[in-house]
Structures are given as C-alpha cells and as structure tokens.
Amino acid sequence: MSTQRAVPRYDELPLSPYGGRHAWDLPRCAGVGALGLITDEIRRRALDSVRTGELVSLNAPLDVIDPPLFGRARLEHAVEVKREGLVLDDRVDALYPQVSSQWDALNHIGAEPGVFFGGTTLEQQLSGEVNGVDVWARRGIAGRGVLVDMETAMRRRHDRYGPGEPIEMSHEDVQAALEAQGTTLRPGDILVLYTGFLDWYLGLDGAARAAVSQAGPEVTAAGLAHTEDVARFLWDGGVTAVASDSLGVEAWPPDRGPEARPFGFLHSSLIGHLGMAIGELWELRELRERCRARGAFDFLLVSAPLYLRGGVGSPANAVAML
C-alpha cells in the first residue's frame, strides 16, 4: 500500500518567476530552509547509522587554503601572555567564516539579484533579520549523513577525471555512485560528496597553490552539473543539505550570465530557491577511508554553526559519528 509523500516532489513545487521551482511556501522550511524538513523522528532514526561510536572530524584547518581563495585575506592569529605566564589569551583577525570548511547560509546567494530565499529582499538580509547563519546556530544541525565517493565513481565511469578540472557530475553519476556503494537516500539526508579536490590541492606545491588562488573567480574544480535535473534529483531524494570537499559543491566556475539562471549558478537554485544548506571544503579523506573499511557510508552528522547574527557563512564545526 502506498503512503502519501510528506513533502511535495520537485515538479509539484510552485514555479519561480526566476526559473525553476521554489520551496518558499512550505511551512517547515519557513525561516530555516530545507533543514526544517529534518524532523525529530528523522533525527532519531539517524542514530541507527551509528555502529561503533567512532568520531571523525570533517573540518580542515582554518588556514588550509593558502593563499585564500576569492581575494580573501590571510587569517591572523595572535596569542597573548597574561598574568606572568599563568594565562594565555588569543585573538583572531581577518577571519573569513567561509575561508575553510564551511557552511553557506541562506543569505549568501539569492535566487535572483535582490531576491533571497523566501522571496525576501536584499535589505532584509543586510538588516540581519532573516536567513542568517544564526537561524541554524540557534538549533544546531543534526541528521543522517551520507558520504558519496564521487572520485572513485567518476574515474570508473569517465575516461578523464581530475578534481581540479571543471568536470560536471550529473545526477546519473551521483545515482550510480550511490548504487555502487549500496546506499539509498532517505528523507532529511545530508549528502556529503568526496570529489578529491582538497586532497588534490594539498598535494600541490606552493607555486601551484598560489596559481589556484590567483585564478580568482575563474578557478576550476569538479562538482555537480549545472542542470535542473540535479536540483530535482536532490530534492526528490530528500536531501536537505549538500557538502563536499570542493570549493563550491557545483562544478566551477559556474555560468553567471543572467540567461543561465538559476541553474548556471546552481547555488541560486539550491540555496535561493530550495533553501538547502551548502557546505564546502570539508575534510573528508578520513571519513572516506573509515566508510570504505566498514562497508557502510551513512553516519550521524552533527554541526554547530557559528552564532553570528546575520552571518553569511560559518566554519562547519562538523563531526561524523560512525
């Protein structure tokens, strides 16, 4: 006997005047985006993914990308000695919350210039009253995480794959990777994509790393394809958040032209229209090794974003319990 789906399918969502479809009218998404679809019962069932209780950090060092990407300044960390050496205090300057393993908040990217998740305005974002990372910090993020080993799958399915190349991963590629692992998506899942980008970057010498940063917005990386099929696949699969070890989750660079919106810049669809949380530059090497060793790729994922009112992003502060 079939049961009624609790959340509308992608093609049942309202059409957006800016292209694609939106989840602005779903009561559970109001104010918090798709993470609001993770119910208490879904979180409780995520505990079934814990087998051993092992913890794996998913956070790279704050200075892992050096020089930083997209013209950001280097982080400055100073330690102060106080009370004749009894006490140490420290100060961090030039901290860009999205410089390393991080979350994009709902106010980071709009569905259209001046229009953000929920149909809210640029002025509302700048006031800090809606869509800031604090809406997630107040409740925390927890749910079933699913690692997808896209690097292995892409090397098997395609003749040429390089994490630092602008190679697009279709929804068929992601589905094939899930099937190869024996993993099935469930409503409320947090999808975590291992592309190999961060490990590739860490293998570069200083000159090559500098060249990556100097490329600015034209830096290249493998990631999700710029298609509505990808947005549909994620939404219909019950995905509420997508994170990866790459710099943008989607293949980079995106097509930022107005005629390509919202799928040329997939962030506009996933964040601006569907309210999904997006994580970037996560440290996933150990997680992949552990998941491979135990033959299971799901786990409990917990994250405590930075409580910064109106914040546009946050360090991920994410941990997997296996």
Salt bridge [X]-[Y], side-chain N to carboxylate O under 4.0 Å:
| X | Y | result |
| --- | --- | --- |
| Arg292 | Asp149 | yes |
| Arg91 | Asp93 | yes |
| Asp40 | Arg44 | no |
| Arg285 | Glu289 | no |
| Arg256 | Glu218 | yes |

Is it the case that one hydrophobic cluster holds both [X] and [Y], taking links as side-chain heavy atoms less than 4.5 Å apart, direct or via other members?
| X | Y | value |
| --- | --- | --- |
| Leu204 | Tyr161 | yes |
| Ile42 | Val50 | no |
| Val174 | Phe263 | yes |
| Tyr96 | Leu247 | no |
| Leu266 | Phe116 | no |

Over 60° means perpendicular and under 30° means parallel, so classify the ring planes of [Y] and [X], tilted if in between.
| X | Y | answer |
| --- | --- | --- |
| Trp24 | Phe117 | perpendicular |
| Trp103 | Trp136 | perpendicular |
| Phe197 | Trp200 | tilted |

Can you tell me if Arg51 has over 12 outside heavy atoms packed within less than 6.0 Å of its CZ? yes
Kindly check if the number of other-residue, nucleotide or ligand heavy atoms within 6.0 Å of CZ (Arg83) is above 12? no
Please find the pair of heavy atoms, one from [X] and one from [Y], that lie closest to each other, and give the distance.
| X | Y | answer |
| --- | --- | --- |
| Cys291 | Phe299 | SG-CD2, 4.4 Å |
| Pro97 | Leu95 | CD-O, 3.4 Å |
| Gly19 | His273 | O-NE2, 3.4 Å |
| Leu198 | Leu281 | CD2-O, 4.0 Å |
| Gly311 | Asp134 | N-OD1, 4.2 Å |
| Ala142 | Val302 | CB-CG2, 4.2 Å |

Residue from Arg232, Arg21, Glu228 passing side chain to side chain donor-acceptor pair (under 3.5 Å) with Tyr10: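 Output: one option passes, namely Glu228.
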Report yes or no: does [X] contribute a side-chain atom to a donor-acceptor pair with the main-chain N or O of [Y] at less than 3.5 Å?
| X | Y | result |
| --- | --- | --- |
| Arg9 | Asp11 | no |
| Thr227 | Val230 | yes |
| Ser101 | Ala60 | yes |

As a quick check of understanding, evaluate side-chain contact (heavy atoms from CB on, under 4.5 Å) for Thr240 and Asp189, giving each step before the final call. CA-CA 6 Å; Thr240 58; Asp189 279 352; over 6 Å; no
Taking only residues at least two apart or on different chains, which pairs with a member in residues 304-315 satisfy side chain to side chain donor-acceptor pair (under 3.5 Å)? none
What verdict does the side-chain contact (heavy atoms from CB on, under 4.5 Å) test give for Asn107 and Val130, after you've listed the backbone C-alpha separation in whole Å, the side-chain angles of each residue and the deciding distance to 0.1 Å? CA-CA 8 Å; Asn107 60 358; Val130 297; over 6 Å; no
Derivation and outcome, side-chain contact (heavy atoms from CB on, under 4.5 Å), residues Leu88 and Glu80: CA-CA 6 Å; Leu88 296 181; Glu80 301 174 0; over 6 Å; no
Is there a donor-acceptor contact under 3.5 Å linking the side chains of [X] and [Y]?
| X | Y | value |
| --- | --- | --- |
| Asn59 | Ser57 | yes |
| Asp245 | Thr195 | yes |
| Gln98 | Asp104 | yes |
| Ser127 | Glu129 | yes |
| Asn131 | Thr120 | yes |

Please identify each residue that fulfils salt bridge (charged side-chain N to carboxylate O under 4.0 Å, His left out) with Asp63, with sequence neighbours left out.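 Residues passing salt bridge (charged side-chain N to carboxylate O under 4.0 Å, His left out) with Asp63: none at all.
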Which residues pass the salt bridge (charged side-chain N to carboxylate O under 4.0 Å, His left out) test with Arg74, sequence neighbours left out?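 Here the qualifying residues are Asp66.
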Cation over ring face, Arg209 and Tyr201, 6.0 Å, 45°: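 Yes, cation above the ring, under 6.0 Å and within 45°.
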For Glu168 and Glu250, what are the C-alpha separation, side-chain angles and deciding distance, and is it a side-chain contact (heavy atoms from CB on, under 4.5 Å)? CA-CA 8 Å; Glu168 297 197 352; Glu250 62 188 288; over 6 Å; no
So which of Leu58, Val319, Leu147, Leu287 actually passes side chain to side chain contact (heavy atoms under 4.5 Å, CB included) with Leu301?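 Only match with Leu301 under side chain to side chain contact (heavy atoms under 4.5 Å, CB included): Leu58.
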